[in-house]
Amino acid sequence: MITARLPQEEIDRAVEALREGEIVAFPTETVYGLGADARNPDAVRRVFELKGRPATHPLIVHIEHQRALERWALVVPPVALALAEKFWPGPLTLVLRRAPAVDLAVTGGQDTVAIRVPAHPVAQQLLKGFGSGIAAPSANRYGHVSPTRTEHVREEFGDAVRTILDGGDCRIGLESTIVSCVDAVPRLLRPGFITLTQLRAVVPEVEGTPATDSPRVPGSDVKHYAPSTRLSIVTSATLEEVVGQLTADGRRVAVLATRPPRTANKYMTWVNAGRRADAYARELYVGLRTLDKSGASEILVEEVPEGEAWDAVRDRLHRAASAENVVAVDPDIAALRAEFGDGIGQP
Ligand code: TXA
Ligand code: MG
């Protein structure tokens, strides 16, 4: 894994590109970002265009250091300051009231802005060189699987993104934990590597239930983080049985599981991402992309274990699946449907 710094000349060229309003893909410890000068509305609009993302869905502004916070946020409540001091640089995004100068193109027209200080040395080099905020969503097309390697960014955008800084495989592999500090009670909007327990150790009043009706969090839409192949979540107990049924007529099936298969099947591609949540998270998007390309007509994902350590992974998996992707043969799907509403992907 390359997490070393890049040669300064390469950073300088990327900084120059940003200054000219171009788009630069760069690594963070979570996933790769598609970066634009946050003060340049045309560059920001280009990010939305490239991603195919609705203009009302806001981007995260990446900054070099907590000290730059007041340039982007109107007020920094004590809870936000406490979280920033504990977790920055790192995989945490804070939603705050936006400073007047923050462009509405970045915030999707809202009065709030999402801000993060990434820890990845290359992201740090880029931010330091640029000296201002970089607005960046994950470097994937809207609704697709997020990128954790440069080759994923190329798969998503081809030649449309000319500058891609290579920081190797992302260490965490899942998007940042997002906490809104806009209202009196801070609220977890998106689970990530930093868990609710860790947040509460610093700010005990953080509310855990995301506002599921918020249209401003695209990750909350049904079908997000999704491969093109139909994806269904299946219990461990029924996994081999479902594989058997689906492959009976010679169709190929792809499986993402926390264990090896119990029976061999020549029509199946099996990725074992293991039973450690952090290692699984690192493998998740690589695994989904591999399985998506395997020629299978169906991706089956073994339901991950209970417990908070798996919250972020479970969240992404349930959003990657959706109603029409449910395999009827699994009786447990009915239970999942009851729990998650019409579609398994629904929060
Ligand atoms: O780890 C990450 O957060 C990565 C890296 C590149 O930093 N970025 C990322 O960006 O995941 P994106 O755009 O794919 O997801 C950002 C999320 C979206 O769900 C967006 O709606 C939410 O942040 N967001 C941004 N601004 C917001 C705001 N003002 N209020 C609520 N949610 C906001
Ligand atoms: Mg994204």
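One-based numbering, in listed order, for ligands and for the atoms of each. Since we're looking at a predicted model, the values are computed, not measured.
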Quick one, [X] and [Y] - any side-chain contact, counting heavy atoms below 4.5 Å?
| X | Y | answer |
| --- | --- | --- |
| S236 | R262 | yes |
| L59 | F48 | yes |
| R97 | V182 | yes |

Element-labelled atoms of ligand 1 that are located less than 4.0 Å from some non-hydrogen atom of [X]:
| X | result |
| --- | --- |
| I178 | 17 (C), 22 (C), 23 (O) |
| S176 | 1 (O), 2 (C), 3 (O) |
| P137 | 10 (O), 12 (P), 13 (O) |
| R190 | 2 (C), 3 (O), 9 (C), 11 (O), 15 (O), 16 (C), 17 (C) |
| H62 | 5 (C), 6 (C), 7 (O) |
| I60 | 3 (O), 8 (N), 9 (C), 10 (O), 16 (C) |

Report the part of [X] in contact with ligand 1, treating N, CA, C, O as backbone and CB onward as side chain, heavy atoms under 4.0 Å; options are side chain, backbone, both, neither.
| X | result |
| --- | --- |
| R53 | side chain |
| L189 | side chain |
| H57 | neither |

Less than 3.5 Å between some nitrogen or oxygen of T112 and one of ligand 1, yes or no?
->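 The answer is yes, given that T112 and ligand 1 share an N or O pair closer than 3.5 Å.
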E298 to S232 - nearest heavy-atom pair and separation =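 Closest approach of E298 to S232: OE2-OG, 3.7 Å.
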T197-T195 side chain donor-acceptor pair, cut-off 3.5 Å =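 Distance-only check fails for T197 and T195.
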Distance under 6.0 Å and angle within 45° of ring axis: R39 vs W72 |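 So R39 does make the cation-pi contact.
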Contact flag S138/the Mg ion (ligand 2), N/O/S atoms, threshold under 2.8 Å |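 Yes, S138 qualifies, because one of its backbone or side-chain N, O or S atoms lies under 2.8 Å.
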Parallel, tilted or perpendicular: which fits the ring planes of Y285 and Y225, with parallel below 30° and perpendicular above 60°?
->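 The rings of Y285 and Y225 lie parallel, inter-plane angle below 30°.
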Shortest heavy-atom approach to atom 24 (N) of ligand 1 - which of P58, A25, A136 =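 It is P58 that holds the nearest heavy atom.
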Short side-chain to backbone donor-acceptor contact, R141 and L50, under 3.5 Å =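 Flag set: sc R141 to bb L50 pair under 3.5 Å.
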